[in-house]
Amino acid sequence: MSKKICVIGTGYVGLIAAVGLADFGNEVIASDVDERKIEGLKQGRVPFYEPGIQGYLERNVNSGRLSFTTDQGRGIRRAEVVFIAVGTPGQEDGQADLSLVEQVVEIIAANLNAYKVIVCKSTVPIGTNRKIKNRLKALLKAADREAEFDVVSNPEFLREGRGVYDFFHPDRTVLGCESERSRQVMTDVYRTLNLISTPFVWCNPETAELIKYASNAFLAAKITFINQMANLAEAAGADIHVIAKAMGMDGRISPKFLHPGPGYGGSCFPKDTQALVKTGEAWGVDMSLIRTVIEANEEQKMRMVRKFTGLLGGDLTNKTAAVLGLTFKSETDDIRESPAIKIVAALLKAGARVQAHDPQGMANFSRLFPEVKCCQDEFEALAGADGVLLLTEWNEYRSLDLHKAGNVMREKIILDTRNLLDPREVRAWGFVYQGVGRGEAPAGQ
Ligand code: UGA
């Protein structure tokens with residue numbers, strides 16, 4: 001049976017969940033305190049770039065299954081299931097900031113008018129779901145009210161840029177749930193996924209919370225592993241792509257997340273690895289592997305700066321650097337923790353002028369770096385440049401017109417941190433080219 005659902009928070013996770021849950025046939029109210037965002041959504045405007053979401057939004061709003069409100073209380077009172085999908089940003093000390101979750105819990109307590117399942121989709125440290133349960137009990141007691149509820153941990157595994165696809169085709173659905181009643185409700189909410197045989201992992205909330213952190217930390221470690229192997233391959237004259245391909249043929253390893261690059265970024269891996277280290281400290285458990293991953297990832301970004309500086313003769317003073325790609329990966333306008341931020345900051349500090357282009361991320365980037373010239377297309381960014389850094393794997397950069405690029409650049413130098421281009425072809429056009437981990441056998445051997 002379909003459910004009446006309220007999703008609190010219309011950020012990336014919340015909005016995709018709201019749209020997807022409505023598409024499963026549930027009646028969904030999505031709420032947010034941001035009036036402009038809700039007004040835009042009512043008019044069919046998605047507040048971020050995500051391929052495919054627009055059609056689903058329109059379809060479900062038109063069918064009457066999806067609506068938007070700033071009145072969180074009303075949304076909660078009408079719902080049988082309340083999803084918490086607010087942000088849990090990292091703080092200075094690495095710990096997740098739970099203040100938005102805490103605020104939402106207060107609002108839920110004030111509007112708990114019948115049995116409800118409270119589902120936490122936000123990424124939260126181990127023990128948070130149990131704290132939410134206890135806090136709700138305490139708030140009800142303080143208000144001298146009685147209401148039944150269950151708390152379920154339901155971490156999200158969406159990738160930005162593939163979020164809509166991932167919502168409808170998850171590898172698994174994790175549900176940290178402790179009562180039969182809430183288990184039945186969640187089975188109804190996700191009935192469509194059940195029908196297409198998505199594996200459901202039922203566990204306690206602590207296990208669900210740690211599955212999320214462990215998954216993200218493992219992927220971050222996998223990327224860091226291949227980045228360090230790439231650096232070694234580069235030094236030793238080996239080719240990281242062949243290495244990654246051969247490694248990936250081992251079913252135990254899998255070829256996914258073995259693409260070397262300038263370091264991982266985004267709103268999740270950097271924040272979640274930091275938070276995991278903090279959690280380890282809190283429980284007195286060694287998380288040295290993850291700590292090393294974090295350090296090595298920072299070093300990878302700086303390595304790109306050193307390589308580029310080396311290619312340009314060791315000094316960037318008054319040089320013009322073209323940067324293609326600012327977002328932390330392609331198919332998003334998100335620049336949070338993008339390697340481009342640290343790399344561009346270092347280029348500017350070293351005295352370079354930066355001319356940049358990105359198909360989606362320029363508005364966000366220019367707010368951070370007003371001194372960077374944001375260009376209409378890649379050739380404007382390349383015009384007069386002493387070298388170019390390719391930082392994001394946008395498809396349009398894969399087919400860069402090298403003839404045209406060579407004609408507009410002052411020096412034909414390319415640092416391709418995503419290995420998008422064919423080194424032989426680029427060199428044939430007269431460029432000095434370096435990728436990541438694309439070593440060549442030492443001369444004469
Ligand atoms: C990540 C996880 O993949 C999702 O499963 C998870 O739900 C999400 O975090 C989250 O916690 O919300 P996302 O941050 O959108 O998703 O992006 P990814 O596709 O995982 O890429 C993260 C970073 O790693 C990017 O900077 C990307 O360029 C980099 N990356 C990825 C590599 O450098 N090499 C690879 O092989 C793969």
Side-chain angles (χ1 to χ4, degrees), residues 9 11-17 48-51 85-90 96 121-124 154-167 169-174 209-231 240-241 243-245 247-248 253-276 293-294 296-298 300-301 303-304 325-343 358 361 390-394 397 417-420 435-437:
Y12 189 77
V13 168
L15 187 58
I16 293 180
F48 46 79
Y49 174 75
E50 178 65 27
V86 292
T88 53
K121 258 208 177 300
S122 304
T123 301
V124 290
N154 175 212
E156 189 51 77
F157 301 100
L158 304 178
R159 291 162 295 177
E160 287 190 25
R162 301 283 306 265
V164 175
Y165 177 87
D166 285 351
F167 189 87
H169 306 89
D171 289 335
R172 74 298 205 193
T173 296
V174 173
E209 290 162 342
L210 189 49
I211 288 171
K212 168 71 188 189
Y213 280 104
S215 301
N216 273 1
F218 184 84
L219 292 172
K222 196 171 179 188
I223 297 165
T224 305
F225 179 90
I226 206 66
N227 282 344
Q228 289 201 336
M229 286 307 132
N231 300 342
I240 195 63
H241 286 285
I243 295 166
K245 193 172 166 191
M247 283 174 65
I253 297 175
S254 120
K256 292 179 183 164
F257 275 67
L258 283 182
H259 304 288
Y264 60 77
S267 64
C268 305
F269 289 174
K271 157 177 91 75
D272 293 348
T273 44
Q274 296 270 9
L276 194 54
V293 165
I294 296 168
N297 193 56
E298 288 306 302
Q300 188 71 3
K301 298 176 199 169
R303 184 180 165 90
M304 299 304 128
L326 301 168
T327 52
F328 79 99
K329 64 175 189 179
S330 62
E331 301 304 331
T332 177
D333 60 359
D334 197 343
I335 61 157
R336 282 176 290 176
E337 296 290 332
S338 172
I341 294 177
K342 289 258 167 75
I343 293 172
D358 187 284
L390 278 167
L391 291 185
T392 315
E393 72 284 22
W394 287 101
Y397 300 150
T417 71
R418 298 279 186 170
N419 293 348
L420 302 181
V436 175

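Both counts, for ligands and for their atoms, begin at 1 and track the order of listing.
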| note | For Cys268, the atoms of ligand 1 under 4.0 Å from one of its heavy atoms are 8 (C), 9 (O), 10 (C), 11 (O), 12 (O)

| task | Among all protein heavy atoms, pick the one closest to atom 37 (C) of ligand 1 and tell me residue, atom and distance. | result | Phe257 CD2, 3.4 Å

| query | Side chains of Ser330 and Arg418: do they bring a donor and an acceptor to under 3.5 Å? | reply | no

| task | Can you sort out which atoms of ligand 1 are near Arg418, meaning under 4.0 Å from one of its heavy atoms? | result | 28 (O), 33 (O)

| task | For Glu156, take its heavy atoms, then give the atoms of ligand 1 lying under 4.0 Å from any of them. | result | 7 (O)

| query | Is the closest side-chain heavy-atom distance between Thr88 and Lys271 below 4.5 Å? | reply | yes

| query | Looking at ligand 1, does any of its N/O atoms fall within less than 3.5 Å of an N/O of Phe269? | reply | no

| Where is the nearest protein heavy atom to atom 3 (O) of ligand 1: which residue, which atom, and how far? | Arg159 CG, 3.5 Å

| said: Does Phe225, at its CZ atom, have more than 12 non-hydrogen atoms belonging to other residues, nucleotides or ligands within less than 6.0 Å? | reply: no

| query | Tell me: protein heavy atom nearest atom 8 (C) of ligand 1, and distance? | reply | Leu158 O, 3.3 Å

| request: May I ask you to decide if the ring planes of Tyr264 and Phe269 are parallel, tilted or perpendicular, using 30° and 60° as cut-offs? | output: perpendicular

| field | Heteroatom distance test (Leu219, ligand 1): nitrogen or oxygen, under 3.5 angstrom | value | no

| Taking atom 13 (P) of ligand 1 as the reference point, the nearest protein heavy atom with its distance | Lys329 NZ, 3.8 Å

| task | Considering heavy atoms of the protein only, find what lies nearest to atom 35 (C) of ligand 1 and give residue, atom and distance to 0.1 Å. | result | His259 O, 3.6 Å

| request: Within a distance under 4.0 Å of any heavy atom of Asn216, pick out the atoms of ligand 1 and give their elements. | output: 2 (C), 6 (C), 9 (O), 10 (C), 11 (O)

| said: Contact between Lys222 and Ser254 at the side-chain level, heavy atoms closer than 4.5 Å - yes or no? | reply: yes

| Does the pair Glu298/Lys342 count as a salt bridge with the N-to-O cut at 4.0 Å? | yes

| Got the closest protein heavy atom to atom 5 (O) of ligand 1, with its distance? | Phe157 O, 2.8 Å

| task | Would you tell me which option among Gly265, Ser338, Gly266 has the nearest heavy-atom contact to atom 23 (C) of ligand 1? | result | Gly265

| Quick one: CH2 on Trp394 to NZ on Lys329, what's the gap to the nearest 0.5 Å? | 10.5 Å

| Heavy-atom nearest neighbour in the protein, as seen from atom 14 (O) of ligand 1, with distance rounded to 0.1 Å | Phe328 CE1, 3.6 Å

| Evaluation steps, side chain to side chain contact (heavy atoms under 4.5 Å, CB included), between Glu160 and Phe328 | CA-CA 10 Å; Glu160 287 190 25; Phe328 79 99; 3.4 Å; yes

| task | Of the side chain and backbone of Ile223, name the one, both, or neither that has a heavy atom under 4.0 Å from an atom of ligand 1. | result | side chain

| Has the side chain of Thr417 got a donor or acceptor atom that lies under 3.5 Å from a matching backbone atom of Leu390? | yes

| query | Any N or O of Gly263 that comes nearer than 3.5 Å to an N or O of ligand 1? | reply | no

| query | Are any non-hydrogen side-chain atoms of Asn227 and Ile223 less than 4.5 angstrom apart? | reply | yes

| query | Any side-chain heavy-atom pair from His241 and Asn419 closer than 4.5 angstrom? | reply | yes

| task | Just jot down the ligand 1 atoms closer than 4.0 angstrom to any heavy atom of Lys212, in number order. | result | 6 (C), 7 (O), 10 (C), 11 (O), 12 (O)

| task | Mark up the atoms of ligand 1 that fall under 4.0 Å of a heavy atom belonging to Glu160, in ascending order. | result | 15 (O)

